[in-house]
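What follows is a single structure, written as structure tokens, with notes after it.
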Amino acid sequence: MQIGILSTGIYLPEKQITGSEIAELAGLPLEVVEEKLGIKKKRIPGPEDHTCQMGIIAAKKAIEKAGIDPLDIDVVIYIGEEHKEYPLWTAGIKLQEEIGAVNAWAFDTALRCGTTVMALKVAKSLMLADPQVQTVLLAGGYRNVDFIDYENPRTRFMFNLGAGGGAILLQKGYNENLLLETELITDGSFSEDVVVVAGGTKHPITKEAIDSRLNRLDVLDPEGMKKRLEQKSMDNFLKVIRKSLRKSGYCEADLSYLAILHMKKSAHEYVLKELSLSEKQSIYLQDYGHIGQIDQILSLELGLEQGKIKDGDVVVLVSAGIGYAWGAATIKWGKGE
């Protein structure tokens with residue numbers, strides 16, 4: 001049974017911060033921010049750009065583009081961040097209500113910046129297993145930029161975090177933009193390397209914790225993490241891409257476009273080089289920053305707008321999430337066979 005992508009939706013806040021502003025906040029040379037970290041500018045949330053709300057806007061855009069009735073959506077999967085309007089809250093149910101998908105049931109899922117790719121696998125499995133599930137909406141928002149302390153050099157690799165919302169509509173029996181196979185890797189040896197120390201059960205939030213900036217993202221062992229992670233991360237990026245392609249009946253020579261998250265420029269270039277891809281076969285999100293699990297949806301939309309993705313192309317969405325998790329999903333764009 002074929003499962004295809006009906007449409008996507010993206011919401012980007014109007015507010016932005018430039019690379020020069022980040023350089024000033026962090027006390028870094030501008031060329032380090034723009035050339036090494038790869039940030040010309042990025043989107044940051046305005047006063048009404050709440051996490052689930054940005055997903056709601058993106059979902060409405062996807063529904064309008066697809067031309068479907070929200071009543072025909074069977075399941076809503078929230079793919080946004082856990083950092084949202086309320087700490088203990090199922091955002092998917094709110095999103096379901098706001099878009100008018102009252103016949104659906106909803107749930108939240110999370111794998112940090114790997115959530116969208118993971119949720120595509122979950123959605124496809126659910127649709128294949130349950131004959132009553134025909135149409136699934138994935139939607140959510142991201143604004144983990146709220147946790148960035150630009151004065152903390154240990155978190156420099158996360159200075160690219162931004163804000164935005166994204167959505168994907170999937171339908172069983174839709175013979176276009178076919179969602180093929182997904183590959184995932186998780187490695188728990190990195191699970192506590194990057195955390196917000198205060199705010200959970202181990203270290204409840206207090207005034208002292210806030211004063212000490214323990215309510216911001218931090219890297220507890222930066223040198224150890226770098227030594228253990230750097231090459232492994234690149235290897236796992238390539239591994240999930242190649243396995244996703246192979247499981248889908250393709251090889252890397254068939255790959256036409258790579259929708260990859262924003263990361264430092266050298267890492268982006270390394271992945272393209274290892275896959276024998278040119279810069280024309282991907283988009284470096286230097287004008288958007290890293291919007292977590294929304295990056296793949298944004299890159300897909302930009303690739304279509306810029307004519308980098310055409311009918312018949314093999315497209316791979318690839319992600320990495322703190323924890324650590326890597327994932328890739330292969331899509332055959334255009335009309336199916």
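For reference, positions follow the sequence shown, starting with 1.
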Criterion side chain to side chain donor-acceptor pair (under 3.5 Å) on Gln296 and Ser299, from CA distance to verdict: CA-CA 5 Å; Gln296 292 76 38; Ser299 183; over 6 Å; no
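- Atoms CG and CD1, on Asp69 and Ile63 in that order, are 9.0 Å from each other to the nearest 0.5 Å.
- With Thr51 contributing its side chain and His83 its backbone, the two residues share a donor-acceptor pair below 3.5 Å.
- Aromatic ring pairs are classed by plane angle as parallel below 30°, tilted from 30° to 60° and perpendicular above 60°; the pair Trp105 and Phe107 is parallel.
- Ring centroid separation for the pair Phe159 and Tyr150 comes in under the 6.0 Å cut-off.
- Because its NZ or CZ atom is not both nearer than 6.0 Å to the ring centre of Tyr288 and within 45° of the ring axis, Lys42 does not count as a cation-pi partner of that residue.
- Results of the side chain to side chain donor-acceptor pair (under 3.5 Å) test with Lys94 over Glu97, Glu98, Gln96 single out Glu98 as the only residue that passes.
- For Asp295 (side chain) and Ile291 (main-chain N/O), a donor-acceptor pair under 3.5 Å exists by modelled atom type.
- Between the Asp108 side chain and the Gly92 main chain, a donor and an acceptor come within less than 3.5 Å of each other.
- A side-chain donor-acceptor contact under 3.5 Å links Thr206 to the backbone of Ala209.
- Panel note: side chain Asp149, backbone Glu151; a donor-acceptor pair is recorded below 3.5 Å.
- Separation of atoms CD1 (Ile297) and OG1 (Thr8) is listed at 7.5 Å; rounding is to 0.5 Å.
- Remark: side-chain polar atoms of Arg43 are paired, donor with acceptor, to backbone N or O of Pro13 under 3.5 angstrom.
- Taking the six-membered ring where tryptophan is involved, the planes of Phe190 and Trp326 are perpendicular, since the angle between them exceeds 60° and thus also 30°.
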